[in-house]
There are 2 protein chains.
Amino acid sequence: MTCAINYAPQLRAQGLRMTPQRMAILHVLHHAGGHLSPTQVYKQARKEFPSLTEPTVYRTLEDLAEKKLLLAAHIGNGKIVYELAEGQHHHLICHQCGKTIQVEHTPFKTLYRQLESLTGYKLDSSHVTFFGLCSDCQS
Amino acid sequence: MTCAINYAPQLRAQGLRMTPQRMAILHVLHHAGGHLSPTQVYKQARKEFPSLTEPTVYRTLEDLAEKKLLLAAHIGNGKIVYELAEGQHHHLICHQCGKTIQVEHTPFKTLYRQLESLTGYKLDSSHVTFFGLCSDCQS
DNA sequence: TTCCTTATTGCAACTTTTTACAGTAGTATG
DNA sequence: CATACTACTGTAAAAAGTTGCAATAAGGAA
Ligand SMILES: [Mn+2]
Ligand SMILES: [Mn+2]
Ligand SMILES: [Zn+2]
Ligand SMILES: [Zn+2]
(Lines give C-alpha, C1' and ligand atoms only; values in the text may rest on other atoms or scores of the structure.)
(Ligands and ions follow the chains in the order given, each with its own letter.)
Protein backbone atom coordinates (compact mmCIF):
# COMPACT_ATOMS: atom_id res chain seq x y z
CA MET A 1 0.00 0.00 0.00
CA THR A 2 2.79 2.43 0.82
CA CYS A 3 4.29 1.65 -2.58
CA ALA A 4 1.57 3.82 -4.08
CA ILE A 5 2.97 6.92 -2.42
CA ASN A 6 5.60 6.86 -5.12
CA TYR A 7 3.04 8.16 -7.58
CA ALA A 8 2.55 11.36 -5.59
CA PRO A 9 5.16 13.36 -7.54
CA GLN A 10 3.61 12.36 -10.87
CA LEU A 11 0.20 13.39 -9.58
CA ARG A 12 1.46 16.68 -8.27
CA ALA A 13 3.20 17.41 -11.56
CA GLN A 14 -0.20 17.12 -13.23
CA GLY A 15 -1.95 19.34 -10.71
CA LEU A 16 -3.57 16.40 -8.91
CA ARG A 17 -3.45 15.61 -5.18
CA MET A 18 -2.53 12.34 -3.51
CA THR A 19 -5.36 11.03 -1.36
CA PRO A 20 -5.86 7.75 0.49
CA GLN A 21 -8.53 6.85 -2.08
CA ARG A 22 -6.07 7.27 -4.91
CA MET A 23 -3.42 5.40 -2.95
CA ALA A 24 -5.74 2.43 -2.65
CA ILE A 25 -6.72 2.51 -6.32
CA LEU A 26 -3.15 2.85 -7.54
CA HIS A 27 -2.05 0.13 -5.18
CA VAL A 28 -4.62 -2.27 -6.56
CA LEU A 29 -3.60 -1.55 -10.15
CA HIS A 30 0.07 -1.72 -9.22
CA HIS A 31 -0.27 -5.22 -7.82
CA ALA A 32 -2.75 -6.50 -10.36
CA GLY A 33 -0.21 -6.44 -13.16
CA GLY A 34 -2.89 -6.40 -15.85
CA HIS A 35 -6.17 -4.85 -16.93
CA LEU A 36 -8.95 -4.40 -14.39
CA SER A 37 -12.53 -3.23 -14.86
CA PRO A 38 -13.82 -0.34 -12.75
CA THR A 39 -15.92 -2.79 -10.75
CA GLN A 40 -12.92 -4.99 -10.04
CA VAL A 41 -10.92 -1.96 -8.94
CA TYR A 42 -13.78 -0.84 -6.72
CA LYS A 43 -14.20 -4.21 -5.02
CA GLN A 44 -10.50 -4.73 -4.43
CA ALA A 45 -9.70 -1.20 -3.36
CA ARG A 46 -12.54 -1.29 -0.84
CA LYS A 47 -10.66 -3.97 1.03
CA GLU A 48 -7.91 -1.47 1.69
CA PHE A 49 -10.09 1.59 2.09
CA PRO A 50 -13.62 0.45 2.98
CA SER A 51 -15.30 3.84 2.79
CA LEU A 52 -14.37 4.19 -0.88
CA THR A 53 -17.37 4.85 -3.13
CA GLU A 54 -18.14 4.08 -6.78
CA PRO A 55 -18.25 7.65 -8.05
CA THR A 56 -14.77 8.21 -6.67
CA VAL A 57 -13.47 5.12 -8.42
CA TYR A 58 -14.96 6.00 -11.79
CA ARG A 59 -13.82 9.60 -11.54
CA THR A 60 -10.34 8.65 -10.41
CA LEU A 61 -9.81 6.13 -13.17
CA GLU A 62 -10.88 8.66 -15.77
CA ASP A 63 -8.74 11.42 -14.29
CA LEU A 64 -5.63 9.29 -13.97
CA ALA A 65 -6.08 8.03 -17.52
CA GLU A 66 -6.49 11.55 -18.82
CA LYS A 67 -3.24 12.51 -17.10
CA LYS A 68 -1.51 9.45 -18.60
CA LEU A 69 -0.82 7.63 -15.34
CA LEU A 70 -3.24 4.92 -16.49
CA LEU A 71 -4.15 3.43 -19.84
CA ALA A 72 -7.78 2.76 -20.70
CA ALA A 73 -8.63 -0.07 -23.08
CA HIS A 74 -11.91 -0.70 -24.87
CA ILE A 75 -12.31 -4.43 -25.04
CA GLY A 76 -15.59 -4.72 -26.89
CA ASN A 77 -19.30 -4.12 -26.24
CA GLY A 78 -18.55 -0.93 -24.37
CA LYS A 79 -16.46 -2.72 -21.76
CA ILE A 80 -13.54 -0.68 -20.49
CA VAL A 81 -10.51 -1.77 -18.43
CA TYR A 82 -7.54 0.08 -16.97
CA GLU A 83 -3.90 -0.63 -16.21
CA LEU A 84 -0.86 1.32 -15.06
CA ALA A 85 0.74 3.15 -17.98
CA GLU A 86 4.09 1.51 -18.52
CA GLY A 87 5.17 0.10 -21.88
CA GLN A 88 3.56 1.51 -25.02
CA HIS A 89 1.51 -1.23 -26.67
CA HIS A 90 -1.72 -2.22 -28.36
CA HIS A 91 -3.99 -5.27 -28.20
CA LEU A 92 -5.37 -7.92 -30.51
CA ILE A 93 -8.44 -9.75 -29.23
CA CYS A 94 -9.96 -12.91 -30.71
CA HIS A 95 -13.71 -12.40 -30.74
CA GLN A 96 -14.25 -16.13 -30.86
CA CYS A 97 -12.28 -17.29 -27.82
CA GLY A 98 -11.26 -13.98 -26.30
CA LYS A 99 -7.53 -14.66 -26.39
CA THR A 100 -5.67 -11.36 -26.12
CA ILE A 101 -2.13 -10.53 -27.13
CA GLN A 102 0.00 -7.41 -26.99
CA VAL A 103 1.85 -5.80 -29.87
CA GLU A 104 4.51 -3.11 -29.69
CA HIS A 105 3.83 0.32 -31.11
CA THR A 106 6.78 0.27 -33.50
CA PRO A 107 4.99 -1.22 -36.53
CA PHE A 108 2.28 1.42 -36.16
CA LYS A 109 4.58 4.40 -36.53
CA THR A 110 4.46 4.63 -40.31
CA LEU A 111 0.68 4.49 -40.39
CA TYR A 112 0.39 7.07 -37.64
CA ARG A 113 2.63 9.46 -39.57
CA GLN A 114 0.54 8.92 -42.71
CA LEU A 115 -2.68 9.58 -40.87
CA GLU A 116 -1.29 12.68 -39.21
CA SER A 117 -0.17 14.28 -42.46
CA LEU A 118 -3.40 13.20 -44.13
CA THR A 119 -5.75 14.62 -41.49
CA GLY A 120 -3.85 17.24 -39.53
CA TYR A 121 -4.62 15.37 -36.31
CA LYS A 122 -1.79 14.72 -33.86
CA LEU A 123 -2.49 11.18 -32.68
CA ASP A 124 -1.69 10.01 -29.21
CA SER A 125 -0.34 6.60 -29.95
CA SER A 126 -1.88 4.75 -27.09
CA HIS A 127 -3.44 1.41 -26.44
CA VAL A 128 -5.69 0.65 -29.38
CA THR A 129 -7.64 -2.59 -29.53
CA PHE A 130 -8.06 -4.62 -32.72
CA PHE A 131 -10.33 -7.58 -33.17
CA GLY A 132 -9.98 -10.70 -35.26
CA LEU A 133 -9.64 -14.45 -35.15
CA CYS A 134 -6.65 -16.03 -33.45
CA SER A 135 -4.80 -18.80 -35.26
CA ASP A 136 -6.63 -21.50 -33.29
CA CYS A 137 -10.08 -20.13 -34.06
CA GLN A 138 -9.59 -19.75 -37.81
CA SER A 139 -10.36 -23.38 -38.61
CA MET B 1 -40.49 2.00 -42.19
CA THR B 2 -41.20 -0.46 -44.98
CA CYS B 3 -37.73 0.29 -46.33
CA ALA B 4 -36.36 -1.85 -43.52
CA ILE B 5 -38.01 -4.95 -44.97
CA ASN B 6 -35.17 -4.91 -47.48
CA TYR B 7 -32.84 -6.19 -44.80
CA ALA B 8 -34.86 -9.39 -44.37
CA PRO B 9 -32.81 -11.41 -46.87
CA GLN B 10 -29.54 -10.40 -45.20
CA LEU B 11 -30.96 -11.39 -41.84
CA ARG B 12 -32.24 -14.66 -43.13
CA ALA B 13 -28.89 -15.45 -44.74
CA GLN B 14 -27.34 -15.16 -41.28
CA GLY B 15 -29.94 -17.33 -39.60
CA LEU B 16 -31.78 -14.37 -38.08
CA ARG B 17 -35.49 -13.57 -38.32
CA MET B 18 -37.15 -10.34 -39.35
CA THR B 19 -39.40 -9.00 -36.61
CA PRO B 20 -41.26 -5.70 -36.20
CA GLN B 21 -38.79 -4.75 -33.45
CA ARG B 22 -35.86 -5.21 -35.79
CA MET B 23 -37.70 -3.38 -38.55
CA ALA B 24 -38.10 -0.37 -36.25
CA ILE B 25 -34.46 -0.44 -35.14
CA LEU B 26 -33.09 -0.83 -38.65
CA HIS B 27 -35.41 1.88 -39.89
CA VAL B 28 -34.14 4.33 -37.29
CA LEU B 29 -30.51 3.60 -38.15
CA HIS B 30 -31.26 3.71 -41.86
CA HIS B 31 -32.69 7.21 -41.64
CA ALA B 32 -30.24 8.55 -39.05
CA GLY B 33 -27.35 8.43 -41.48
CA GLY B 34 -24.78 8.40 -38.68
CA HIS B 35 -23.83 6.89 -35.34
CA LEU B 36 -26.49 6.48 -32.66
CA SER B 37 -26.17 5.35 -29.07
CA PRO B 38 -28.35 2.48 -27.83
CA THR B 39 -30.43 4.95 -25.84
CA GLN B 40 -31.00 7.11 -28.89
CA VAL B 41 -32.01 4.07 -30.90
CA TYR B 42 -34.35 3.01 -28.12
CA LYS B 43 -36.09 6.37 -27.83
CA GLN B 44 -36.52 6.84 -31.55
CA ALA B 45 -37.56 3.30 -32.36
CA ARG B 46 -40.20 3.43 -29.63
CA LYS B 47 -42.00 6.09 -31.61
CA GLU B 48 -42.52 3.54 -34.36
CA PHE B 49 -43.00 0.51 -32.15
CA PRO B 50 -44.06 1.68 -28.68
CA SER B 51 -43.93 -1.69 -26.95
CA LEU B 52 -40.23 -2.04 -27.73
CA THR B 53 -38.08 -2.63 -24.63
CA GLU B 54 -34.47 -1.86 -23.71
CA PRO B 55 -33.21 -5.44 -23.51
CA THR B 56 -34.44 -6.04 -27.03
CA VAL B 57 -32.64 -2.97 -28.31
CA TYR B 58 -29.33 -3.85 -26.68
CA ARG B 59 -29.54 -7.47 -27.79
CA THR B 60 -30.55 -6.54 -31.32
CA LEU B 61 -27.75 -4.02 -31.75
CA GLU B 62 -25.20 -6.56 -30.57
CA ASP B 63 -26.61 -9.34 -32.72
CA LEU B 64 -26.79 -7.23 -35.86
CA ALA B 65 -23.26 -5.96 -35.28
CA GLU B 66 -21.98 -9.48 -34.80
CA LYS B 67 -23.58 -10.46 -38.10
CA LYS B 68 -22.01 -7.43 -39.81
CA LEU B 69 -25.24 -5.62 -40.64
CA LEU B 70 -24.18 -2.90 -38.21
CA LEU B 71 -20.86 -1.40 -37.18
CA ALA B 72 -20.14 -0.70 -33.51
CA ALA B 73 -17.79 2.14 -32.60
CA HIS B 74 -16.15 2.77 -29.25
CA ILE B 75 -16.00 6.52 -28.86
CA GLY B 76 -14.26 6.78 -25.49
CA ASN B 77 -15.10 6.26 -21.80
CA GLY B 78 -16.92 3.04 -22.61
CA LYS B 79 -19.43 4.84 -24.83
CA ILE B 80 -20.58 2.80 -27.82
CA VAL B 81 -22.50 3.85 -30.92
CA TYR B 82 -23.87 1.98 -33.93
CA GLU B 83 -24.45 2.66 -37.58
CA LEU B 84 -25.51 0.69 -40.66
CA ALA B 85 -22.52 -1.15 -42.13
CA GLU B 86 -21.82 0.44 -45.47
CA GLY B 87 -18.42 1.85 -46.40
CA GLN B 88 -15.35 0.46 -44.69
CA HIS B 89 -13.78 3.21 -42.57
CA HIS B 90 -12.22 4.20 -39.25
CA HIS B 91 -12.48 7.25 -37.01
CA LEU B 92 -10.21 9.91 -35.55
CA ILE B 93 -11.61 11.74 -32.54
CA CYS B 94 -10.18 14.89 -30.96
CA HIS B 95 -10.32 14.38 -27.22
CA GLN B 96 -10.21 18.11 -26.68
CA CYS B 97 -13.17 19.27 -28.75
CA GLY B 98 -14.66 15.96 -29.84
CA LYS B 99 -14.42 16.65 -33.56
CA THR B 100 -14.59 13.34 -35.43
CA ILE B 101 -13.43 12.53 -38.92
CA GLN B 102 -13.50 9.41 -41.07
CA VAL B 103 -10.55 7.78 -42.79
CA GLU B 104 -10.64 5.09 -45.44
CA HIS B 105 -9.24 1.65 -44.70
CA THR B 106 -6.74 1.70 -47.56
CA PRO B 107 -3.77 3.18 -45.64
CA PHE B 108 -4.25 0.53 -42.94
CA LYS B 109 -3.81 -2.44 -45.24
CA THR B 110 -0.04 -2.67 -44.97
CA LEU B 111 -0.09 -2.52 -41.20
CA TYR B 112 -2.85 -5.10 -41.01
CA ARG B 113 -0.85 -7.49 -43.16
CA GLN B 114 2.21 -6.97 -40.97
CA LEU B 115 0.24 -7.61 -37.80
CA GLU B 116 -1.35 -10.71 -39.27
CA SER B 117 1.93 -12.30 -40.27
CA LEU B 118 3.47 -11.25 -36.95
CA THR B 119 0.74 -12.65 -34.72
CA GLY B 120 -1.15 -15.28 -36.70
CA TYR B 121 -4.38 -13.41 -36.05
CA LYS B 122 -6.72 -12.75 -38.99
CA LEU B 123 -7.92 -9.20 -38.35
CA ASP B 124 -11.38 -8.06 -39.28
CA SER B 125 -10.59 -4.64 -40.54
CA SER B 126 -13.53 -2.80 -39.11
CA HIS B 127 -14.22 0.56 -37.61
CA VAL B 128 -11.35 1.33 -35.26
CA THR B 129 -11.28 4.58 -33.31
CA PHE B 130 -8.10 6.59 -32.77
CA PHE B 131 -7.75 9.57 -30.47
CA GLY B 132 -5.63 12.67 -30.74
CA LEU B 133 -5.76 16.44 -31.11
CA CYS B 134 -7.30 18.02 -34.17
CA SER B 135 -5.41 20.78 -35.94
CA ASP B 136 -7.45 23.48 -34.20
CA CYS B 137 -6.83 22.10 -30.71
CA GLN B 138 -3.07 21.71 -31.05
CA SER B 139 -2.33 25.35 -30.23
C1' DT C 1 1.49 25.54 13.05
C1' DT C 2 -2.42 27.88 11.26
C1' DC C 3 -4.93 29.58 7.46
C1' DC C 4 -6.63 29.58 2.75
C1' DT C 5 -7.72 27.95 -1.64
C1' DT C 6 -9.85 24.69 -4.29
C1' DA C 7 -9.32 19.78 -5.71
C1' DT C 8 -11.58 15.87 -4.16
C1' DT C 9 -14.95 13.16 -1.90
C1' DG C 10 -19.54 11.06 -0.33
C1' DC C 11 -24.31 11.20 -0.63
C1' DA C 12 -28.60 10.50 -2.81
C1' DA C 13 -30.99 10.09 -6.78
C1' DC C 14 -30.95 8.84 -11.36
C1' DT C 15 -29.92 6.68 -15.94
C1' DT C 16 -28.04 3.06 -18.49
C1' DT C 17 -27.01 -1.70 -19.24
C1' DT C 18 -27.35 -6.64 -18.03
C1' DT C 19 -29.45 -11.06 -16.61
C1' DA C 20 -32.55 -15.14 -16.22
C1' DC C 21 -36.43 -17.11 -17.59
C1' DA C 22 -41.06 -17.99 -19.20
C1' DG C 23 -44.11 -16.88 -22.99
C1' DT C 24 -44.54 -15.40 -27.94
C1' DA C 25 -44.27 -15.54 -32.68
C1' DG C 26 -41.25 -16.06 -37.19
C1' DT C 27 -40.73 -19.41 -40.73
C1' DA C 28 -40.02 -23.84 -42.80
C1' DT C 29 -42.43 -27.91 -43.99
C1' DG C 30 -46.20 -30.97 -45.25
C1' DC D 1 -53.74 -23.91 -43.82
C1' DA D 2 -51.92 -26.42 -39.58
C1' DT D 3 -47.86 -27.92 -37.02
C1' DA D 4 -43.44 -27.89 -34.96
C1' DC D 5 -39.10 -25.91 -34.01
C1' DT D 6 -36.65 -22.55 -31.71
C1' DA D 7 -35.25 -17.67 -32.35
C1' DC D 8 -36.88 -13.86 -30.27
C1' DT D 9 -39.21 -10.87 -26.95
C1' DG D 10 -40.99 -8.82 -22.50
C1' DT D 11 -40.91 -8.85 -17.56
C1' DA D 12 -38.84 -8.04 -13.33
C1' DA D 13 -34.90 -7.40 -10.88
C1' DA D 14 -30.24 -6.45 -10.34
C1' DA D 15 -25.84 -4.44 -11.53
C1' DA D 16 -23.08 -0.85 -13.44
C1' DG D 17 -22.20 3.80 -14.30
C1' DT D 18 -23.54 8.97 -13.90
C1' DT D 19 -24.85 13.52 -12.00
C1' DG D 20 -25.27 17.74 -8.97
C1' DC D 21 -24.15 19.51 -4.91
C1' DA D 22 -22.65 20.36 -0.15
C1' DA D 23 -18.96 18.97 3.01
C1' DT D 24 -14.14 17.62 3.48
C1' DA D 25 -9.30 17.73 3.36
C1' DA D 26 -4.69 18.20 0.43
C1' DG D 27 -0.96 21.00 0.33
C1' DG D 28 1.06 25.68 -0.49
C1' DA D 29 1.77 30.08 1.89
C1' DA D 30 2.11 32.81 5.96
MN1 LIG E 1 -2.70 -3.08 -22.23
MN1 LIG F 1 -18.37 5.08 -38.53
ZN1 LIG G 1 -9.50 -17.49 -30.65
ZN1 LIG H 1 -10.24 19.47 -31.41
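Protein chains get the first letters and strands the later ones, always in sequence-line order, with residue 1 at the start of each.
Of all nucleotides listed (C:dT18, D:dC5, D:dG10), C:dT18 comes nearest to the side chain of B:E62. Of all nucleotides listed (C:dT8, D:dT9, C:dT18), D:dT9 comes nearest to the side chain of B:T60. The B:P38 side chain lies nearest to C:dT17 when the options are C:dT16, D:dT9, C:dT17. The side chain of B:P55 sits closest to D:dA12 out of D:dG17, C:dT8, D:dA12. Across D:dT18, C:dG10, D:dG27, the shortest atom-to-atom separation from the side chain of A:Y58 is found for D:dT18. Nearest to the side chain of A:S51, among C:dG10, C:dT16, D:dT9, sits C:dG10. Comparing C:dT9, D:dC8, D:dT18 against the side chain of B:K79 picks out D:dT18 as the nearest. Ranking C:dA25, D:dG28, C:dT8 by closeness to the B:R17 side chain, first place goes to C:dA25. Of all nucleotides listed (C:dT27, D:dG27, D:dC8), D:dG27 comes nearest to the side chain of A:M18.
For the pair B:Y42 OH and C:dT18 P, the interatomic distance rounds to 15 Å; values are reported in whole Å. Between B:F49 atom CZ and D:dC8 atom P there is a gap of 15 Å when expressed in whole angstrom units. B:I75 has its CD1 atom 14 Å from the P atom of C:dT16, to the nearest Å. Distance CG (B:N77) to C1' (C:dT16): 15 Å, rounded to an integer number of Å. Per the geometry, CZ belonging to B:R12 stands 13 Å off P belonging to D:dT6, to the nearest Å. As a whole-Å value, the separation of A:Y82 OH from D:dA16 P is 15 Å. Remark: C1' of C:dA25 and CE of B:M23 are 15 Å apart, rounded to the nearest angstrom. Rounded to a whole Å, the CD atom of A:E54 is 18 Å from the P atom of D:dG20.
The distance from the CG atom of B:L61 to the CD1 atom of B:I80 is 8.5 Å, given to the nearest 0.5 Å. Between the CG atom in B:N77 and the NE2 atom in B:H95 there is a gap of 11.5 Å [rounded to 0.5 Å].
In this model, the phosphate group of C:dG10 is approached by a side-chain N or O of A:Q21 to a distance below 4.0 Å at OP1 or OP2. Proximity of A:T56 to the phosphate of C:dG10: a side-chain N or O atom is located under 4.0 Å from OP1 or OP2. Within the structure, every side-chain polar atom (N or O) of B:T53 is placed at least 4.0 Å from both OP1 and OP2 of D:dT9.
Taking the six-membered ring for Trp and the full ring otherwise, B:F130 and B:F108 have centroids separated by under 6.0 Å. For an aromatic pair to be called close, the ring centres must be under 6.0 Å apart, and B:H91 with B:H127 satisfies this.
Counting only distance, with no hydrogens or angles, the side chain of B:T60 and the backbone of B:R22 share no donor-acceptor pair below 3.5 Å.
Counting non-hydrogen atoms under 4.0 angstrom, B:R59 reaches a base of the nucleic acid.
Ring-plane geometry between B:Y7 and B:H30 is classed as perpendicular, the angle between the planes exceeding 60 degrees on a 0 to 90 degree scale with a lower cut at 30.
Of the residues near DNA chain D, B:G15 and B:L52, the one whose nearest nucleotide (by heavy atom distance) lies more toward the 5' end is B:G15. If A:L16 and B:A8 are placed on DNA chain C by their nearest nucleotide, the residue sitting closer to the 5' end is A:L16.
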